[in-house]
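The block underneath contains the structure these notes are about, expressed in structure tokens.
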Amino acid sequence: TGRPEITRPATRRWLIRHGYPDRHLLMRKDNDWRPAAQVKVDLIKMVDVGEKAIFVDDDPRNVRAIEEAFDNIHGLISGTGRLTEITKEV
């Protein structure tokens, strides 16, 4: 997430309350003022996402940046189609 580390407890509560699994959460470092797309690309570089992955974001600029940086990640803009069901299955 592009949210700063200081918001980790609130972010985890929100995710759990909305039915998302309580898994490892990558967050922006406090006082990191880079654009969200750059932060998210760098965060994803830190993990092995496997052969294929789905990236969900409410900002089309972030989705575009991720798809340009990673051939194996398909971006979805939140609020479209079966997004909630798809992301919970992944």
Side-chain angles (χ1 to χ4, degrees):
T1 180
R3 294 178 177 191
E5 182 65 44
I6 196 167
T7 65
R8 180 178 291 275
T11 302
R12 289 185 74 212
R13 284 192 303 271
W14 186 93
L15 290 168
I16 292 166
R17 183 171 53 248
H18 288 90
Y20 291 92
D22 187 17
R23 296 192 179 149
H24 184 69
L25 182 61
L26 299 174
M27 301 193 71
R28 173 192 299 256
K29 293 183 188 285
D30 294 331
N31 301 316
D32 181 350
W33 307 110
R34 295 175 296 150
Q38 184 179 359
V39 170
K40 292 178 180 192
V41 166
D42 289 347
L43 288 172
I44 291 172
K45 286 179 181 177
M46 296 170 51
V47 298
D48 177 11
V49 296
E51 291 182 29
K52 293 184 180 181
I54 295 173
F55 172 81
V56 180
D57 203 288
D58 62 347
D59 188 335
R61 294 170 296 186
N62 295 335
V63 171
R64 188 170 36 256
I66 295 301
E67 288 186 327
E68 288 174 0
F70 304 95
D71 292 336
N72 62 328
I73 299 178
H74 176 70
L76 295 173
I77 301 168
S78 60
T80 60
R82 293 181 46 236
L83 181 63
T84 301
E85 293 174 37
I86 291 170
T87 56
K88 287 181 181 179
E89 291 172 7
V90 170

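Quantities reported herein were computed from a predicted structural model and do not represent experimental measurements.
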Quiz: residues 25-32 side-chain donor-acceptor pairs under 3.5 angstrom, not counting sequence neighbours:
residue: R28; atom: NE; partner: G2; partner atom: O; Å: 2.6
residue: R28; atom: NH1; partner: D32; partner atom: O; Å: 2.8
residue: R28; atom: NH1; partner: R34; partner atom: O; Å: 2.9
residue: D30; atom: OD1; partner: E5; partner atom: N; Å: 3.1
residue: D30; atom: OD1; partner: I6; partner atom: N; Å: 2.8
residue: D32; atom: OD1; partner: R34; partner atom: N; Å: 3.1
residue: D32; atom: OD1; partner: R34; partner atom: NE; Å: 3.0
residue: D32; atom: OD2; partner: R34; partner atom: NE; Å: 3.3
residue: D32; atom: OD2; partner: R34; partner atom: NH2; Å: 2.8

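We find the CD-CG distance between Q38 and L43 to be 10.5 Å, quoted to the nearest 0.5 Å. Summarising the geometry, atom CD1 belonging to I73 is positioned 8.0 Å from atom CZ belonging to F55; distances are rounded to the nearest 0.5 Å. Note: I16 CD1 to T11 OG1 = 11.0 Å, rounded to the nearest 0.5 Å.
Judged as a salt bridge (charged side-chain N to carboxylate O under 4.0 Å, His left out), the pairs with a partner in residues 10-21 (not counting sequence neighbours) are, in order, R12-D22. The list of salt bridge (charged side-chain N to carboxylate O under 4.0 Å, His left out) pairs with a residue in residues 67-76, not counting sequence neighbours, is empty.
Closest approach of I44 to V49, counting heavy atoms only: CG2-CG1, 4.1 Å.
Heavy-atom neighbours of R8 CZ from other residues, nucleotides or ligands within 6.0 Å: above the threshold of 12.
D57 places no side-chain N or O within 3.5 Å of a backbone atom of I77 that could act as its donor or acceptor partner.
Cluster annotation: W33 is not connected to V39 through the hydrophobic network of ILVMFWY side chains, with a link wherever side-chain heavy atoms come within less than 4.5 Å.
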